[in-house]
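Before any comments, here is the structure.
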Amino acid sequence: MTYDGEPAEQKKSKLLEQMRRVGESSGRNRTERLNRQPQSQPRQATRFEDLPEYKRVATQRMAGELLGVANPFYRSHDAAAGATTRIGGREFVNFASYDYLATNTDPHVAKRAKEAIDRFGISASASRLVAGERPDHVELERRLAEVYGVDAAVCFVSGYLTNVAAIGCLMGPQDLVIHDEFIHNSALAGIKLSGAARRLFQHNDVDSLENILKTLSSDFRRVLVIVEGIYSMDGDIADLPALLELKARYGFWLMVDEAHALGILGRTGRGTFEHFGLDPRDVDIWMGTLSKTTSSCGGYIAGTRALADILKAEAGGFVYSVGLSPVLAAAAIAGLDILKSEPERTERLRRNGHLFLDEAKAAGLDTGLSVGHSVVPVIVGDSLRAAQLSNDLLAEGINVLPIIHPAVPEGMARLRFFITCNHTEEQIRRAVRLTAEKLKSLKDRNFGLASLDMEKMMQLLPMAQIPGGS
């Protein structure tokens with residue numbers, strides 16, 4: 001085949017030769033510049049073992065070993081996890097999974113997922129722009145928009161990526177993002193990617209937010225405020241009515257992360273806006289994940305059609321990332337079916353959450369800011385004490401994981417209990433009772449960081465950085 005009378009191969013050879021000549025010229029110029037400069041010593045790459053990040057990990061590991069605390073993380077489950085699970089062949093009451101409405105093991109979800117596998121296989125193969133999309137992609141986005149009463153939605157392959165991609169796409173160096181001080185790390189990553197200026201306001205404090213808006217909002221092109229419907233570490237609820245009142249006066253975009261609120265808040269589980277009886281269209285950006293209530297994987301943004309069009313055309317996490325697996329889209333749709341058709345699951349979850357909170361308070365446990373919905377923390381304080389408490393409860397047949405420094409400040413370590421609609425009253429009461437008993441025992445023994453021999457630990461620390469060192 002020829003183009004403009006010239007054979008294609010010949011044209012290709014000429015183009016490659018031209019590219020090489022440009023590269024060689026650039027290389028010669030670079031070499032000449034380097035030769036005029038004094039020669040420095042060859043750069044040595046830093047060993048990962050010498051990084052401060054690794055030293056922090058090694059210090060935590062060593063502190064646990066000195067006190068005989070087994071690593072409570074990465075426990076391997078033998079079966080599907082919900083209100084109960086199986087680990088190492090043993091049955092446990094499980095408070096460490098986000099299966100709020102018990103959709104993970106629901107036959108309708110499994111059937112819908114298997115049908116999608118039979119029809120579409122496993123993977124979407126590439127981005128939806130490149131490889132095309134499947135009917136379930138379109139259906140899932142339509143259903144999510146319906147839940148929020150808005151025009152459109154966009155799905156991403158992970159909840160973390162959803163925040164990173166959306167914030168990174170919509171905001172830039174001329175803009176300002178203001179967020180609650182307890183916002184999820186994924187939002188912080190999105191802000192960093194965007195290059196926008198960042199300010200934080202005191203947790204759930206609209207007066208603190210307004211003070212920032214008064215002094216800074218006029219200096220920026222766009223202003224975005226980010227909150228969570230239910231805060232994932234603390235279990236309290238954003239003051240959405242007050243936020244919308246501020247929005248009407250200061251003209252910012254409001255983004256609400258519903259990861260732990262969809263299926264939980266509101267009479268039918270539609271989330272924070274239903275909980276407060278507000279118009280969902282007053283919120284500019286609804287964000288959420290598919291891995292909690294719908295027991296799938298991925299994330300979504302819901303809002304206006306223009307917002308969806310921008311993200312589908314410009315957000316790197318959508319344009320350059322593989323599309324959501326068809327089987328995961330199908331499973332999420334089935335989860336939304338259950339949310340819509342069985343609101344009694346949301347009501348059972350609400351009762352269980354309030355029961356857990358009431359029992360924990362009665363037992364003298366510190367539940368922090370939780371209002372007793374999907375997330376109830378038990379604040380322990382000391383990170384090693386929290387890890388050991390988790391292990392002590394595991395020995396009693398209860399699986400719940402600690403949240404420790406640096407995920408929370410040292411001194412605020414906790415066990416984080418996720419409540420589901422399928423937990424029984426007996427399971428909840430027993431879990432609270434044993435938590436109180438085991439925590440009291442650890443406190444009585446002064447078990448934790450305060451009991452460590454820091455001199456011995458500092459002597460051992462260099463050994464932990466040597467490959468093979470214990």
Side-chain angles (χ1 to χ4, degrees), residues 98 100 124 127-129 133 136-148 150-172 177 179-180 182-194 196 198 224-233 238 253-264 270-273 280 283-326 328-329 331-333 335-336:
Y98 296 133
Y100 295 133
S127 76
R128 287 160 63 180
L129 280 76
E133 55 190 13
D136 283 343
H137 291 137
V138 178
E139 174 66 9
L140 175 57
E141 289 173 347
R142 185 190 68 78
R143 294 286 298 278
L144 286 165
E146 181 181 89
V147 167
Y148 289 98
V150 295
D151 298 336
V154 183
C155 288
F156 298 80
V157 292
S158 97
Y160 195 98
L161 177 67
T162 301
N163 269 335
V164 172
I167 299 167
C169 171
L170 295 170
M171 308 303 286
V177 181
H179 62 84
D180 188 287
F182 292 168
I183 204 69
H184 194 268
N185 178 269
S186 57
L188 299 180
I191 299 166
K192 184 176 181 179
L193 173 66
S194 75
R198 178 173 75 89
L224 172 67
V225 173
I226 311 176
V227 299
E228 296 182 26
I230 291 181
Y231 283 88
S232 60
M233 290 292 176
W253 287 337
L254 178 60
M255 180 176 186
V256 182
D257 181 337
E258 291 283 276
H260 296 270
L262 178 66
I264 291 87
R270 292 173 67 193
T272 310
F273 75 89
V283 170
D284 302 281
I285 306 170
W286 291 105
M287 177 271 168
T289 58
L290 302 172
S291 54
K292 279 78 173 174
T293 285
T294 60
S295 293
S296 179
C297 189
Y300 60 86
I301 296 289
T304 66
R305 174 64 60 187
L307 172 64
D309 286 348
I310 291 168
L311 294 177
K312 286 187 174 182
E314 302 284 344
F318 184 89
V319 175
Y320 300 107
S321 174
V322 66
L324 189 66
S325 169
L328 294 176
I333 292 169
L336 293 177

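No experiment lies behind these values; they were computed from the predicted model shown. Throughout, numbering of the chain's residues begins at 1 and tracks the sequence.
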For the side chain of [X] and the backbone of [Y], is there at least one donor-acceptor N/O pair under 3.5 Å apart?
X	Y	result
Asp284	Leu254	yes
Ser296	Leu328	yes
Arg128	Gly323	no
Ser295	Ser291	no
Trp253	Leu170	no
His179	Val225	no

Kindly compute the distance separating [atom1] ([X]) from [atom2] ([Y]), expressed to the nearest 0.5 Å.
X	Y	atom1	atom2	result
Asn185	Lys192	CG	NZ	10.0 Å
Leu140	Leu336	CG	CG	6.5 Å
Arg142	Asp151	CZ	CG	14.0 Å
Ser127	Leu324	OG	CG	13.0 Å
Arg143	Thr294	CZ	OG1	11.0 Å

Taking side chain as C-beta onward, heavy atoms only, is [X] less than 4.5 Å from [Y]?
X	Y	value
Phe318	Leu129	yes
Cys297	Leu290	no
Ser232	His184	yes
Val164	Leu193	yes
Cys169	Leu311	yes
Leu224	Ile191	no
Phe156	Ser321	no
Glu228	Asp180	no

(message) Going by side-chain contact (heavy atoms from CB on, under 4.5 Å), Asp257 matches just one of Ile230, Thr272, Thr289, Asn163. Which one?
(response) Asn163
(request) Check the side chains of Tyr98 and His260 for a donor-acceptor pair under 3.5 angstrom, ignoring hydrogens and angles. (result) no
(request) Check the pair Val157 / Thr162 against side chain to side chain contact (heavy atoms under 4.5 Å, CB included), numbers first and verdict last. (result) CA-CA 8 Å; Val157 292; Thr162 301; over 6 Å; no
(request) Please collect all ring-ring contact (aromatic ring centres under 6.0 Å, His included) contacts where either partner lies in residues 291-315, sequence neighbours excluded, each pair once. (result) Tyr148-Tyr300
State, to 0.1 Å, how close [X] and [Y] come at their nearest heavy-atom pair, and which atoms those are.
X	Y	value
Ala153	Leu144	CB-CB, 4.0 Å
His137	Ala329	CD2-CB, 4.3 Å
Ile167	Met255	CG1-SD, 4.0 Å
Asp136	Pro326	OD2-O, 4.0 Å
Ala196	Met171	CB-CB, 4.2 Å
Gly271	Glu258	CA-OE1, 3.4 Å

(request) List the steps and the verdict of salt bridge (charged side-chain N to carboxylate O under 4.0 Å, His left out) for Glu141 and Arg305. (result) CA-CA 11 Å; Glu141 289 173 347; Arg305 174 64 60 187; over 6 Å; no
(message) side chain to side chain contact (heavy atoms under 4.5 Å, CB included) for Thr304 and Val150? Distances and angles first, verdict last.
(response) CA-CA 6 Å; Thr304 66; Val150 295; over 6 Å; no
